[in-house]
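The figures here come from the full heavy-atom set of this structure, side chains too, leaving out hydrogens, waters and symmetry mates. Treat the numbers as computed from the prediction; the structure is a model and nothing was measured. Quick note on labels: first sequence line is chain A, next is B, and so on, each numbered from 1.
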Number of protein chains: 4
Amino acid sequence: MTSQTMTADPGLGKNRPSKKQQILDAALNLFVQQGIEATATAQIAKRAGVATGTLFHHFASKEALIQALYWQIKQQLADAALAAEPSKEEDDLKRQARHYWDCALGWALAHPDALKFIGQLYHSPARDEHLEQQAMTQLLHFVPRMLEQGSALGLLRSAPMDLTLALCHSHFLASAHYFILHPQKATQSTYLDSAFEHLWNGLLHFPLHEELVLSH
Amino acid sequence: MTSQTMTADPGLGKNRPSKKQQILDAALNLFVQQGIEATATAQIAKRAGVATGTLFHHFASKEALIQALYWQIKQQLADAALAAEPSKEEDDLKRQARHYWDCALGWALAHPDALKFIGQLYHSPARDEHLEQQAMTQLLHFVPRMLEQGSALGLLRSAPMDLTLALCHSHFLASAHYFILHPQKATQSTYLDSAFEHLWNGLLHFPLHEELVLSH
Amino acid sequence: MTSQTMTADPGLGKNRPSKKQQILDAALNLFVQQGIEATATAQIAKRAGVATGTLFHHFASKEALIQALYWQIKQQLADAALAAEPSKEEDDLKRQARHYWDCALGWALAHPDALKFIGQLYHSPARDEHLEQQAMTQLLHFVPRMLEQGSALGLLRSAPMDLTLALCHSHFLASAHYFILHPQKATQSTYLDSAFEHLWNGLLHFPLHEELVLSH
Amino acid sequence: MTSQTMTADPGLGKNRPSKKQQILDAALNLFVQQGIEATATAQIAKRAGVATGTLFHHFASKEALIQALYWQIKQQLADAALAAEPSKEEDDLKRQARHYWDCALGWALAHPDALKFIGQLYHSPARDEHLEQQAMTQLLHFVPRMLEQGSALGLLRSAPMDLTLALCHSHFLASAHYFILHPQKATQSTYLDSAFEHLWNGLLHFPLHEELVLSH
DNA sequence: CATGAATGAGTCTTCATTCAT
DNA sequence: AATGAATGAAGACTCATTCAT
């Protein structure tokens, strides 16, 4: 929660969020419910309790609003994953990975709309590839770091990094999406473990692998 | 197994596809390039070489067109995966899985637009969950069948089926997407193997697992 | 029922009405339910159980269909009123008028859609004034005849004929409409008498009139 | 009693009517000339000198515009009839009725389009029966009041109220329509008197009635 | 900063009519 | 005579954006 947008909230002592944030909140909610294109700026403004014109004072265009929202969410997600960074000395890479996974998944479950929004943009042709790259390198840099670490230790398969990153990203999104759709299953460790194991095992390097399969 | 839509093409001897198919083709192309919402029905019709009204003669609405397109693609994908069904006697489950994987991935690479379209719809709030279920059970029934088989053999982890299915689906989509974006990598077995291994290993059941990790 | 459209019904011995008549029937029904403009020719054809093209074989245009329908209905209404023409010797003009009124109203109640259709066209700017005149003079000539007769006898006020005709026409339409909307009231003579008396008294010529009012 | 829509005309000192009123005026004019269905919203906007969107800023739909227009006209008509309410002490009910009649007819002749519009809607299947009821009870309440009064005095026939109301309404519409079509006749008292007498006599109660007819 | 009426190009969809079969 | 796929102009309505207050 560190890099929270602190735009000099004009609300002074009051706890009411700034109009800008109200707009972002309203937008997120509506985008997820109805889709991005299907949501009119006027509707966002109404839901946020401001005038139509006000929206365009804070965001140059609808497109800019979408990108600001996207960036804010990615930032919050990274913050959440890094919130209580595990001691670097932690010798167990898996446990470390699980720590990040739990933090990120926990945040996702607490902010289902944010996750769904990310998902919506993921496959959109309007997706800003450059923005995505930035987010990954600036915010979620710990993911490639861990992968390299594990690979160097011989624990993880030495797979192409960019492919692996893409697969991890998609795996996380799919898992989070699943648990958001079935909230009661997010409380059962069977399901939670299974999702993480699926990812982790997929990354592992197994000398015994072939034997196991052939001698089934 | 060819459930190809054979709508008694009125072109008879001529090889020209039916207007309905022309519309579907044009729609797919434009949807992927510009996004679904950003594509006007009039533009689809023009690209298809028919009148605006013709589109609505064949599809009740833009929404119906989208669903018809989705269904057709899923059907073709299933057909492709089942095209040369491996001998049932095949004792190696992994090889069998790889066979399906290669067929499906091959089709995806040959039809990048179709894949991208599926991806676009995947996270859309307009997504018809019911249709998705139908597609999975009617067309891609071989996936759950294999998972159960492997689980019964003790080869695969006994994970919740619905979660596993969702993760496999997303993994396939992400992989295909990656190779479509980087076509030259789709010719290198390093990459191709890596993508499949990631999925397969994630599914495996390892008695030795914990030991391996702890004794790294 | 004399001038029924006898278009050489190709149905031969069968009792099924000709396609042309089926179209007219379907059109009437839909026009009344949804409005004329709101009813598509394709819908009429479907309801009539014929192809879209067939409609345009029998009627040059939608407009022509409407006019044909209008004419047919006016004809049937006139036929109904004249069905059992009272003996000319009938000395009581009021009884004679009531006879026509009852016949016409009876037909209207038996054909509510027909009446509503006439009503719809009554105030339409698309109304063909010429056609209306023709209908009045050719089919309902007995109305002006009676008015003149009554006026000559000194029984009816000598009011301008065209104004009186318009008022009678509108009175009949309004009455019929009322009884169609409230069918159970069409069985009570209180209501039926009241509607007719209202018209008839309005036409009467009263030397005693002013006195009655002033000395109330 | 002037329930005129006084929507705080933003024109301030300027005499230019609000855009909303401009739209209503343009709509009335075009509806009457071409018919309601035959008039495009874009055409209304153009005639009103505003953008297409502006129309839908003030009225949710074409349907809503029609209803707003209808309501405004009924209001103005009621205002006109009640403009110079006759002294309550007026002992002659007929003279009182004639007063209302003249006021209403005068307004109708001064606003022929308004009258024609009412007429068009009168028989439309799109007619909102509920709105009609409201208009009658809220705006034109003096009509049923007079009828009851006259009936209590024994002057008017004790006919069913709702039927009588419908007949009076239709009679007024037909009369107004007639005079609008033949404006020069609206200056001759022969015609004006005749129209009113027709209505009034139709309402009267005549003990001598039968005798008069039988002894013609 | 905030407002919300105004804009007009653009969207999806309808529908009377035609014509090859 | 009957069919129904095809047409494309036209319609109602939307919406991102601007601007005077």
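A side-chain donor-acceptor contact under 3.5 Å links Q120(A) to the backbone of F31(A). Using a distance-only test at 3.5 Å, with no hydrogens or angles considered, a donor-acceptor pair links the side chain of Q22(B) to the main chain of A48(B). A donor-acceptor pair under 3.5 Å is formed between the side chain of T39(A) and the backbone N or O of G35(A). Using modelled atom types, no side-chain atom of K116(D) and backbone atom of H111(D) make a donor-acceptor pair closer than 3.5 Å.
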Dot-bracket, DNA chain E: Watson-Crick or G-U, under 3.5 angstrom, [ ] crossing, | other strand?
.||||||||||||||||||||
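Contact between A45(C) and T52(C) at its shortest, heavy atoms only, is CB-CA, 3.9 Å. In terms of heavy atoms, R47(C) sits closest to A26(C) at CG-CB, 3.5 Å.
Following rounding to the nearest Å, Q34(A) (CD) and dT14(F) (C1') show an atom-to-atom distance of 14 Å. With rounding to whole Å, Q43(A) atom CD is found 17 Å from dG4(E) atom P. Per the geometry, NE2 belonging to H58(A) stands 6 Å off P belonging to dC1(E), to the nearest Å. The distance between atom CD1 of I44(C) and atom P of dT3(F), rounded to the nearest whole Å, is 16 Å. Spacing between atom CG of L30(B) and atom P of dT11(E) amounts to 12 Å, rounded to whole angstrom units. Between I66(A) atom CD1 and dC15(F) atom P the separation is 14 Å, expressed in whole Å. In this entry the distance linking CG of L55(D) with P of dT14(F) reads 12 Å, nearest Å. Rounded to whole Å, atom C1' of dG8(E) lies 14 Å from atom CD1 of I23(D).
In this structure, K62(B) is not positioned above the aromatic face of F56(B) in the sense of NZ or CZ being under 6.0 Å from the six-membered ring centre and within 45° of the axis.
In this structure, the nucleotide among dA2(E), dT7(F), dT7(E) sitting nearest to the side chain of K19(A) is dA2(E).
For the pair L24(D)/L65(D), a side-chain contact is recorded, criterion being any heavy-atom separation below 4.5 Å from C-beta on.
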Could you encode protein contacts along nucleotides 16-21 of chain E as a string, one character per nucleotide from 5' to 3', using B for base contact, S for sugar-phosphate-only contact and - for no contact, with a heavy-atom cut-off of under 4.0 Å?
BBB---
For I36(D) and L121(D), run side-chain contact (heavy atoms from CB on, under 4.5 Å): C-alpha distance rounded to whole Å, both residues' side-chain angles, the deciding distance at 0.1 Å, then the answer.
CA-CA 9 Å; I36(D) 295 176; L121(D) 242 50; 3.2 Å; yes
